[in-house]
Number of protein chains: 2
Amino acid sequence: MTAATTPPARTGRPAKRVAIDRAARVVFGREGYIRASVDSIAAEAHVSKRTIYNHYQDKEQLLLCVLKESTHAVAEHQEELIDRHLASPVDLEAELVALGCALATPQSGFKEHFALVRVIFAEASRLPGEVTDSWRTEGPGRTQARLARHFATLSAAGRLRTDEPQEAAAHFTQLVTSEAYERSFHGALPLPADELEALVTAGVRAFLRLYGARS
Amino acid sequence: MTAATTPPARTGRPAKRVAIDRAARVVFGREGYIRASVDSIAAEAHVSKRTIYNHYQDKEQLLLCVLKESTHAVAEHQEELIDRHLASPVDLEAELVALGCALATPQSGFKEHFALVRVIFAEASRLPGEVTDSWRTEGPGRTQARLARHFATLSAAGRLRTDEPQEAAAHFTQLVTSEAYERSFHGALPLPADELEALVTAGVRAFLRLYGARS
DNA sequence: CTTCGATTGCACCGTCCGGTTTACTTTCTG
DNA sequence: CAGAAAGTAAACCGGACGGTGCAATCGAAG
């Protein structure tokens, strides 16, 4: 009833589809898989429930599709953050702190995607193994690899000191973001900005004690 | 029908109660809060559903009660592990590795308790704030404090080197256990023993590079 | 044995949910 | 314009669930 007046645009087929996907992402993230009813997803998408079942076989397929999308969205967003802060850092410590804060607190329109990551954790034991596996490789795996690449470059430039950038990247995420993640229940509850910054700066200092250039 | 033959013992009133609690812990942990039906909990406890509602006001109160119990059980178990490995360590690195493995993989009858921790994460945004808060202080907070105490002692004995045992304890859990936690989806999926040991030993080595005695 | 409280089985209520059916309308295309 | 493709609203189905009412039962204490 909403899109009736506005000509649906000649974007073509996937017009309703993207609305469904967006709505499913929102509702799944907000309610979790079971609480999210197909009716509420349809309402959120301003779409008939039948239309959802025209696009997806059942509720689970809808979830899996949306999970896959979100995995890529989060990964690309984080890769972008990493590049932005580590491409040519002037004050390395400050950039690492800023990057850590950005990675640990999903901002802008990505909260829904991070909420879906929580769904992956909640449903992990009930999801097909290929889903959890591909999430790890396409999600955290990609950001960790991107981190490692930058660390290798920085090490070659004398800004860091490590022979194993992979391990350094792992230690960065562990020291800098893992506690903020857990403290905020994976982003489900808000973490005061000052606490976040304290956690991240402490982690970055430890990281630089491990891998800083001037020892 | 099961306890009919055996005399219910004069343990007194809470006989059925503990059965209910145990069953709720098992089923909530296995299925999550919503999937766990009160009927299935009653079946697992070999108890009438009506009896559950004689002991608890509703399903949510049952969950909250069981969560509180599990918080303490996990905390005590982990404190015990910490004491056992760090009371008088001969080979400190080996003990730290063993402790890290023990902390990162819930064994014996504690898997159900750890499964409930997953429920806390899954329901965090829908739980009363006091519940999540008290979980943090009574759960991870206690184990971290116990770790810090041992690190302070070890530092005084010259086995470690840190002025801030609190921070050292945080970095230990982050470097040693956090990745194993995330890799296993908080214990929901099994993590191969060799991978676990590799993660933990790498974390311990980094920890000792940060806080080891001989530098 | 009687009494009393705890427990039990079971039917029941209202609700919600995943998914389907049907009949109708819209929109694009040729 | 004709007709296919897509969308819509609404009723509907079978099943599950949280929670209650109630009569019957059990076990121990007096």
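Keep in mind the model is a prediction, meaning the values are calculated, not measured.
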Starting at [atom1] of [X] and ending at [atom2] of [N], how long is that distance when rounded to a whole Å?
X	N	atom1	atom2	answer
B/Q61	D/dG19	CD	P	10 Å
B/I34	C/dC17	CD1	C1'	12 Å
A/L62	C/dC17	CG	P	15 Å
B/E60	D/dG19	CD	C1'	14 Å
A/Y53	C/dC17	OH	P	11 Å
A/D39	D/dA9	CG	P	12 Å
A/K16	C/dC28	NZ	P	11 Å
A/N54	C/dT21	CG	P	12 Å

Candidates [options] - which lies nearest the side chain of [X]:
X	options	result
A/S37	D/dG18, C/dT8, C/dC17	C/dC17
B/T51	D/dG19, C/dG19, C/dT7	C/dT7
B/S48	D/dT8, D/dG18, C/dG9	C/dG9
B/V38	D/dT20, D/dG18, C/dT21	D/dG18
B/R50	C/dT20, D/dC22, D/dG19	D/dC22
B/K59	C/dG18, D/dG18, D/dG7	D/dG18

Hey, does B/A42 reach any base, or is it just sugar-phosphate, or nothing, if we go heavy atoms under 4.0 Å?
-> nothing
Report which part of the nucleic acid A/A19 touches: base, sugar-phosphate, or nothing (heavy-atom distance under 4.0 Å, all strands).
-> nothing
Regarding B/K59 and the six-membered ring of B/Y33, is the cationic atom NZ or CZ under 6.0 Å from the ring centre and inside 45° of its axis?
-> yes
Assess A/R118 against A/F185: is NZ or CZ under 6.0 Å from the centre of the six-membered ring, and within 45 degrees of the ring's axis?
-> no
Do any side-chain nitrogens or oxygens of A/H55 fall under 4.0 Å of OP1 or OP2 in D/dG7?
-> yes
Should we count CD of B/E197 as having more than 12 external heavy atoms under 6.0 Å?
-> no
Per the atom types in the model, does the base of C/dG19 pair as donor or acceptor with the side chain of A/K49 at under 3.5 Å?
-> yes
Measure the spacing between OH of A/Y181 and OG1 of A/T105 and express it to the nearest 0.5 Å.
-> 9.0 Å
Flag side-chain contact, heavy atom, 4.5 Å: B/R142 against B/H72 | yes
